[in-house]
Structure formats: structure tokens, C-alpha cells
Protein chains: 2
Amino acid sequence: MPPNIYDIAKKAGVSIATVSRVFNNTNNVKESTRQKVLTIAEEMGYHPQAYAQRLASKKKNSIMMLVPVMSNYFFTEILKGTQGILKNQEIELNIVNINQDQGVLHQVEQIIKRRWADGYLLASLHLTEDELIKLRRYNVPISLLDDYSPNFDSVSFNNVEGGYLAVKYLLKKGFKQIVFIAGRADSLPIVHRIDGFKKALSEFEIPFHETQIVTGTSMERDGFNEKNGYEAMQKILNMNPVPDAVFCSSDVKAVGALKAMADRKKQVPLISYDNLSISEYIGLTTIHQPMYDMGYNATQNLISRINEENSEICNDIHSPELIIRSSSEI
Amino acid sequence: MPPNIYDIAKKAGVSIATVSRVFNNTNNVKESTRQKVLTIAEEMGYHPQAYAQRLASKKKNSIMMLVPVMSNYFFTEILKGTQGILKNQEIELNIVNINQDQGVLHQVEQIIKRRWADGYLLASLHLTEDELIKLRRYNVPISLLDDYSPNFDSVSFNNVEGGYLAVKYLLKKGFKQIVFIAGRADSLPIVHRIDGFKKALSEFEIPFHETQIVTGTSMERDGFNEKNGYEAMQKILNMNPVPDAVFCSSDVKAVGALKAMADRKKQVPLISYDNLSISEYIGLTTIHQPMYDMGYNATQNLISRINEENSEICNDIHSPELIIRSSSEI
DNA sequence: CTGAAAGCGCTTACAG
DNA sequence: CTGAAAGCGCTTACAG
């Protein structure tokens, strides 16, 4: 059995209260007893158990991040931002994966109900407003990332603007027949980017047809994978006539799309979305999303909310930026 | 204040023991009382608190993964493997980031001492054997991933073989002057790959010079970033004579190296390391590491160890596989 | 099928 | 500067 606070107290000849004080740096403990306790604890490999500590103190000093797809490049950038602000704070971060196929709301509720953390960062979960409102009864700080709600702090990205910017650029260059490589068409960011797409088209008085939305069949990670892009691009190259330009919903998919073009020895101008770290090196024209900043800000919002429950709700909306590289300049 | 077990018990007219039984599915509880309790709990948004539950039951049903660089592509693959085996098991996974600049052993000890989980997965932490042995006193299941120790379950990758395989392939094709793009030269996987590199050279009776080890200056993520590869390749292209071929320590760096070649309009055959999902699409010849399988196996080891403390130590060593694509065939 | 009660390992007023 | 004691919110033999 591992030692507990009683073992340490007994061996050090003090009460458990004193041992507790040593580990919590509360009150003043005489330096000599402090050292004695610390030495014995080190010897015996003791540290207060997290569970007992949190139950007794009702403080947690921890936040939890809930994400649907941990294994994508988008997430790793966000995480860096979160870690950026957490560094040097005495707050622990725990990350838990949410399975998108099994009732997202239910999973979130299970975690929140169990009172794991002081606050929760919901990243890219895209719950509906009705669902979000249900979470309010747990009365715990929640901050949204890559999502928007008038009822919670949020940091989101203007996807309508992103789609608009991308397509407008292509239209300005004189391309008329433009197709969009989507992922799951019911995902909110995709819906918004399509809205932006349409907005740009209508500004140039070009009609929109459903056939301009293309997707591959490979649906791993909601379709945000290379293969899906490859498949979609194959379809596009089979169209007659071949479209003038492509707007692709993610850089990862664009990697696949580029390969499909190379395989068929055809070149179609392409703009994609994300601006991952590899994108610069493979020459992707793309819409930059400040994922690091978004992770940073959302975490900051959450911490503020934990410390000051009743401050005003804060909705940050980050704007897109068009990064022009070679893939669109053909 | 959120409701606790007493609130539910009182409202349902039962004892707290019964409420507890309902939530734990232990014993038989009369169906009608079960329903009553569940309904009231749902109404009041109650679920047993994780901390209290774990303290009282001494069971955790959770494992914790400790990783140094969460934000790299290598990790995301491993994680998929871990999630693959955890799916359908009632085991929670928590992920915690270890800062490589602040005493890795100390951070690991702090977490283990606090008894967060039933077992710990140490991924790519590369503690020394002396350090690892210190962890034994906590008497808790530990499983190593991308690392080896005779004293712990481990899943590792044969990096010597990987380096050997890559360089031998280049030598067989007739290239004599080969350089290696390293990361931090003190990282164990890199050291081993260099050993394999040397082994292949000596088999072909080609002498080795330190100048054949090149690295960029950008050291984010231990040098495993695109920029480092770009910088390293620039140095290589400035050598006189330019080497015959390049062995690159990671696919991410190879992306940078490829860009450097394109920018200078020079082509040098290249083999890299990892086989990420993008690699197929950008035509990288590379050494495949079965990261998913490794994550899967290491997690499996850990779970077995948790269930059966005294089984024999199991050291899996995965073998590399050479995947030939276009980057080496110039 | 259910309840009373002890106990999990801590923290924290309170008192001195 | 330190100790005795209550309490955090649960689980689980034990008894019926």
C-alpha cells in the first residue's frame, strides 16, 4: 500500500494538519518541521492524492478540453494555443475525446455532471443552441471554441467570410466555373463556407448549382482526409467541361486533390482552407485560420469566467486571411 | 450548489446506499425504485462526482497518457491506436502534456504520486534506465511507448534497422555520398538511426564522416518541423560536391527539404521516415512506422498489466518497412 | 431488495 | 506555529 498522510504524520511526529499545510503552502509552518515532513515524504514517495485533495478542498485548478477529433492537424494547433496560456499557470489541462457517433450532448453532460474540472472548453463540438442551453443548469463555466453561441463565451471563426474571400479571389482572376470540395455537408463550418461561396457568386452575378458541391466518398475524420480530396478531384477532372478553379475545404484534402491533378497531368487553380504548417512548403493558396490564437483566447475566456462568474459574455470572432501561394496561380 | 447523493436519496425516499447502487449497477435494486431514482437524478442533473467516487471505491477505470509533444503528427497516429483499443472498454483516457524542458522525471513522478489513474502510458519520454527504475517504487502499472526498458512493458521501434534499411537502399542504387538530416542529435531514435546508417555504410565499405550529419537551426518540436528540413537541405545543396542522396529523419522535415530543392531547382534523391498520411500523396519514399499498431499494443499491454500485475514483462519491437515512392527515384 | 454506519484520504476553520 | 475534529461525497461490507 502506498503511504498516506497519516503515515507521513506519524513518522514525522506531527499531525496530519501540518503535513497538509506543508504540501499546500498555507499558513506558516516552522522551517525545520517543513523540512522534516518534506524529507520523509520524499523518502516514502508520498504526495497528497489528487482525488482526496479535490474532494476535501472543493478546488480543482483544472480545466478540461472536450474535442471530437483529437487526431487532426487542426486540433494540434489549437492545443498549442491552449498550452501557451496555461504555461506558468497552476492549472492542469485534461483532454478528453468525444465520440461524434454516440450522442455528443450526452457525453458532454456525463463529464460535466461528474464535476471533473473548474471549467470546460468545448472545441468544435457544434452543439445546437437548444443543447447548449441544457448545459446551463450545471452552472459551470463553459467556453466554446470554433463555435458560437450568444449564451456562452466563444471564439469562432468567420467561415462565411472565409468562403467569400476565397471564391471572390478566384472570380476576380476571371474564373467563372468554380467548384467546392466539401466534407460532410451538414457540418456547420462547411455550411457557412458554402454561404460565403454563394455570396461571392451572386456578387458576380453567376448562378449557383448544386453540382458545384463535390465530395469524395472517404469519410474518416468527417471527410477531412487526403483520400477524400483525391476522390473529389478525380470527380472534378471527369466533369465536362472541367471547371475553371477549385475551392477546397481543407489543406489536408487539398494535398489529395493536388495529387489527383498530378496523376492526371492536369492543373486546375486551387484555393484551400486552414493554412497548416505544411501548406507553406507545398505552395497552397489558402485561407488562414489563426488556430493558435483561437486556442489561446478561448482558454483565456474560460479562465476569466472561472475567476469571475458574472462578467459579460464575450464572443470573439476571428477573421480569415487569404494567403496567396502557387496553387492558385496557374 | 449542485445536488449530491443525499439530495437524491431524500427526494426519492430511499437511502444513499440505494442511490449508489442504482448508479453502479451493483446488487439488484427493485426496478420501480431504480426508475424513481433515475428519474429524480435526471431531473436534478445529478451524477456521482468522480472524485468522491474514486476515493471511496479505490477504483479508477482510467489510464493516463503522458506525452512530450502533443502537437505533432506522430502523436496523433499513436493516439488513434490507443483510442482504437479503448473503444468499447469502460476505461477513461486522460492525456497530459509533459514539458521537455523542465525535468521530465519530476513531472512524471508528480503525476504518478498523486494516483490519478490505474496505469500510465509513457510515450516517447525516453527516460534513462536509472530514472525508470525510480518509478518502480510507486508500484503502479507503467507501459512504455516508443521506448524500451527490460524492466517495463514496452512497445518500441527498431530504429537501427530503419536507418539501415533506408541507407542500404540508397547504396544499392549506387549512391555513395549520402547525408543524414538529423534533429536533436542526442535524441535516442536519431542516435539509433545513425547507427543503422553507419552499419549500412560499413557493409558497403564506405567510410563515415561527421559532416554527413546535417541539421537545420530551427529547433521547435526537437527539430521535427518543416523549417528545419528546409534549412538542412539548403546547407546540403551548398556542399561541394552536392551529395548523391539524402536520408531525412522525418516526413515533416522532408516536406521542407523538398521545398528547398524545388526553390533551387535541384533534385536529390531522398528517403525519409514515418510514413504519415500525407506522405503517400506527396510521393515520399519513406520508412513506415506502424504508429497506430504501436499505440494499440502499448495500451493493450498496460491494460493487461493493470489486470494481471505479475505477468511476464513484454517488450514488443516493431520492424520498419521501406515504402518506395517517387522521391528516391530521380 | 434495502438501510445504518464505517471508511476512503484529504482540507480547513477553530482554538490555543 | 500546531493539533483535534468535522466534513467533503461517495462506496461497500454487514445485517436484516
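Per chain, numbering begins at 1; letters A, B, ... match sequence-line order. Heavy-atom basis, side chains included; hydrogens, waters and symmetry copies ignored. If you're wondering where the values come from, they're calculated on a predicted model, not measured in any experiment.
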A.B. asks: State, to 0.1 Å, how close A/E131 and A/L105 come at their nearest heavy-atom pair, and which atoms those are.
C.D. replies: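 Residues A/E131 and A/L105, closest heavy atoms: O-CD1, 3.8 Å.
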A.B. asks: Using the C1' atom as the point on both nucleotides, what is the distance between C/dT12 and C/dG16, in whole Å?
C.D. replies: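 The same atom, C1', in both gives a distance of 16 Å.
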A.B. asks: Provide the start and end nucleotides, 5' to 3', of the part of DNA chain D that has atoms under 4.0 Å from heavy atoms of chain A.
C.D. replies: D/dC1 to D/dG9
A.B. asks: To check you understand the geometry: which heavy-atom pair defines the closest contact between A/I317 and A/F157, and what is its length?
C.D. replies: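 Looking at all heavy atoms of both residues, the closest pair is CG2-C, 4.5 Å.
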A.B. asks: Which stems does DNA chain D form, counting runs of 3 or more consecutive Watson-Crick or G-U wobble pairs with both distances under 3.5 Å?
C.D. replies: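 DNA chain D stems, ordered by first number: C:1-3 with D:14-16, C:5-12 with D:5-12, C:14-16 with D:1-3.
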A.B. asks: Just call it for B/R54: base, sugar-phosphate, or nothing, with non-hydrogen atoms closer than 4.0 Å on any strand.
C.D. replies: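 It contacts nothing in the nucleic acid.
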A.B. asks: Can you work out whether A/R21 or B/K30 has the more 5'-proximal nearest nucleotide on DNA chain C?
C.D. replies: B/K30
A.B. asks: Using every non-hydrogen atom in the two residues, find where B/G45 and A/K113 come nearest and quote the distance to one decimal.
C.D. replies: O-CG, 3.9 Å
A.B. asks: Using a cut-off of 4.0 Å on non-hydrogen atoms, how would the nucleic acid contact of A/Y6 be classed: base, sugar-phosphate, or nothing?
C.D. replies: base
A.B. asks: Testing the basics here: between B/R305 and B/I313, what is the closest heavy-atom pair and its distance to 0.1 Å?
C.D. replies: NH2-CA, 3.6 Å
A.B. asks: Applying a 4.0 Å non-hydrogen cut-off, can you work out what A/S20 is touching in the nucleic acid: base, sugar-phosphate, or nothing?
C.D. replies: base
A.B. asks: Could you check A/N61 against A/E92 for side chain to side chain donor-acceptor pair (under 3.5 Å), going step by step and ending with a plain yes or no?
C.D. replies: CA-CA 6 Å; A/N61 294 320; A/E92 288 182 13; over 6 Å; no
A.B. asks: Is there side-chain contact between B/L122 and B/M65, with at least one heavy-atom pair below 4.5 Å?
C.D. replies: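 B/L122 does not reach B/M65 side chain to side chain.
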A.B. asks: Classify the ring geometry of A/Y51 against B/Y51: parallel below 30°, tilted from 30° to 60°, perpendicular beyond 60°.
C.D. replies: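 Answer is tilted, since the angle falls between 30° and 60°.
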A.B. asks: I want to check something: taking the side chain as every heavy atom from C-beta on, are B/Y120 and B/I111 in contact at a cut-off of under 4.5 Å?
C.D. replies: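 Yes, at least one pair of side-chain atoms sits under 4.5 Å.
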A.B. asks: Classify B/V14 by what it touches in the nucleic acid, base, sugar-phosphate, or nothing, heavy-atom distance under 4.0 Å.
C.D. replies: sugar-phosphate
A.B. asks: How do B/S32 and B/A56 order along DNA chain C: which one's closest nucleotide is nearer the 5' end?
C.D. replies: B/S32
A.B. asks: Using heavy-atom distances to pick each residue's nearest nucleotide on DNA chain D, tell me which of B/P48 and A/R34 is more 5'.
C.D. replies: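 By nearest-heavy-atom nucleotide position, the 5'-most residue is A/R34.
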A.B. asks: Taking C/dA13 as the reference, what is the distance to C/dG9 when you measure between their P atoms (whole Å, please)?
C.D. replies: 23 Å
A.B. asks: B/T18 near the nucleic acid: base, sugar-phosphate alone, or nothing, with a heavy-atom cut-off under 4.0 Å?
C.D. replies: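 Contact class for B/T18: sugar-phosphate only.
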A.B. asks: Identify whether any heavy atom of B/Y46 sits under 4.0 Å from a base atom; if not, whether one sits that close to sugar-phosphate; answer base, sugar-phosphate or nothing.
C.D. replies: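 Contact class for B/Y46: sugar-phosphate only.
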A.B. asks: For the pair B/E42 and A/R137, find out whether any cationic side-chain nitrogen is under 4.0 Å from an anionic carboxylate oxygen.
C.D. replies: yes
